[in-house]
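Structure record follows, encoded as structure tokens.
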Amino acid sequence: MTYEILAPNVYYTDINDGLNFFVDCLGFSIGHNEIKSKEPFCVLEKDGLQIYLFEHAILAGEHNPEFRIVTKNIDDVYAKVSKSHPEFLHPILSKVTLRPWTAREFALRDHQVCVILQEW
């Protein structure tokens, strides 16, 4: 068995909120676009990662995912994000912090999702 990509589904009441978070803030690009369709959907891509965004109010109300993005340049990511989109910095982990498990981390959140950026 071989796996290539683990691609989470993220649901928003308004898909534009997700585009602001993942595209504008984190630098993902739209790889597949059905945003203007009756059931808005898109696949976001960056560095081999994929995230599937859906506009679906009911599921958005039921799912608030949290996941990690591992990077080798957390200081660069933090500098860019904290300058361009400080409103997304998580109040509990708003600075790059050395955690007890020896990873350096900071976190971002919007009203739907929490993303922990991590460097080992």
Side-chain angles (χ1 to χ4, degrees):
M1 243 188 321
T2 302
Y3 301 112
E4 293 184 16
I5 296 172
L6 176 64
N9 294 339
V10 180
Y11 303 96
Y12 280 88
T13 301
D14 181 348
I15 199 167
N16 291 303
D17 293 340
L19 293 172
N20 184 32
F21 187 75
F22 288 102
V23 174
D24 298 340
C25 178
L26 289 173
F28 281 76
S29 62
I30 300 172
H32 177 82
N33 186 343
E34 294 184 32
I35 296 169
K36 301 290 185 197
S37 71
K38 183 179 174 184
E39 296 179 2
F41 160 75
C42 65
V43 178
L44 303 180
E45 301 173 338
K46 181 167 178 54
D47 303 326
L49 304 177
Q50 289 186 341
I51 298 171
Y52 288 53
L53 288 190
F54 296 88
E55 184 172 288
H56 194 290
I58 293 170
L59 292 176
E62 297 173 355
H63 301 276
N64 294 98
E66 177 181 296
F67 51 92
R68 293 173 187 273
I69 297 176
V70 178
T71 181
K72 292 183 191 238
N73 56 350
I74 197 164
D75 294 313
D76 294 340
V77 174
Y78 179 79
K80 179 184 180 299
V81 170
S82 64
K83 182 176 181 179
S84 67
H85 293 83
E87 69 275 15
F88 290 133
L89 291 170
H90 196 297
I92 295 174
L93 196 56
S94 63
K95 304 261 188 228
V96 176
T97 304
L98 180 62
R99 307 293 276 174
W101 44 91
T102 72
R104 297 176 67 226
E105 300 177 348
F106 77 97
L108 301 169
R109 71 171 184 175
D110 66 4
H111 65 277
Q112 193 62 39
V113 66
C114 176
V115 176
I116 299 163
L117 287 110
Q118 182 180 68
E119 179 181 286
W120 285 97

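We use all heavy atoms of the structure for the numbers below, so side chains are in, but hydrogens, waters and symmetry mates are not.
The structure places CD1 of I15 at 12.0 Å from NE2 of H56, a figure rounded to the nearest 0.5 Å. For the atom pair CG (D17) and NE2 (H111), the distance works out to 4.0 Å, reported to the nearest 0.5 Å. Atom CZ of R104 is separated from atom CZ of R99 by 13.0 Å, given to the nearest 0.5 angstrom.
Under the 4.5 Å side-chain criterion, counting only non-hydrogen atoms from C-beta, H85 is in contact with N20. Residues F22 and V113 have side chains in contact (heavy-atom distance under 4.5 Å, counting atoms from C-beta outward). F106 has its side chain out of reach of T97: every pair of non-hydrogen atoms, C-beta onward, lies at least 4.5 Å apart. Residues V43 and I30 have side chains not in contact (no heavy-atom distance under 4.5 Å, counting atoms from C-beta outward). When side chains are defined from C-beta on, S82 does not count as touching K95, because their heavy atoms never get closer than 4.5 Å. By the 4.5 Å heavy-atom criterion applied to side chains, L117 and V96 are not counted as neighbours.
In terms of heavy-atom proximity, A60 sits nearest to Q112 at O-NE2, 2.8 Å. Nearest approach of E105 to Q118, heavy atoms of both residues: OE2-NE2, 2.6 Å. For the pair E55 and D14, the tightest heavy-atom approach, listed with the atom from each and the gap, is OE1-CA, 3.5 Å. Shown here for I35 and C42, the closest heavy-atom pair between the two residues is CG1-CB, 3.9 Å. Among all heavy-atom pairs drawn from C25 and L108, the shortest one is SG-CD1, 4.4 Å. Shown here for L53 and Y12, the closest heavy-atom pair between the two residues is CD2-CE1, 3.8 Å.
With a 6.0 Å radius and a threshold of 12 heavy atoms from other residues, nucleotides or ligands, E62 has its CD atom above the threshold. For I5, the CD1 atom counts as densely surrounded, since its 6.0 Å shell holds more than 12 non-hydrogen atoms of other residues, nucleotides or ligands. Sparse packing is recorded around CD of E4, with 12 or fewer heavy atoms of other residues, nucleotides or ligands lying under 6.0 Å away.
Partner of V10 under the side-chain contact (heavy atoms from CB on, under 4.5 Å) criterion, out of F21, F67, F54: F67 alone.
Aromatic ring orientation, H63 versus Y11: tilted (interplanar angle from 30° to 60°). A tilted orientation is assigned to the rings of Y52 and F41, their planes being inclined by 30° to 60°.
Partners of N73 according to the side chain to side chain donor-acceptor pair (under 3.5 Å) rule, which considers only residues two or more places apart in sequence or in another chain, are T71.
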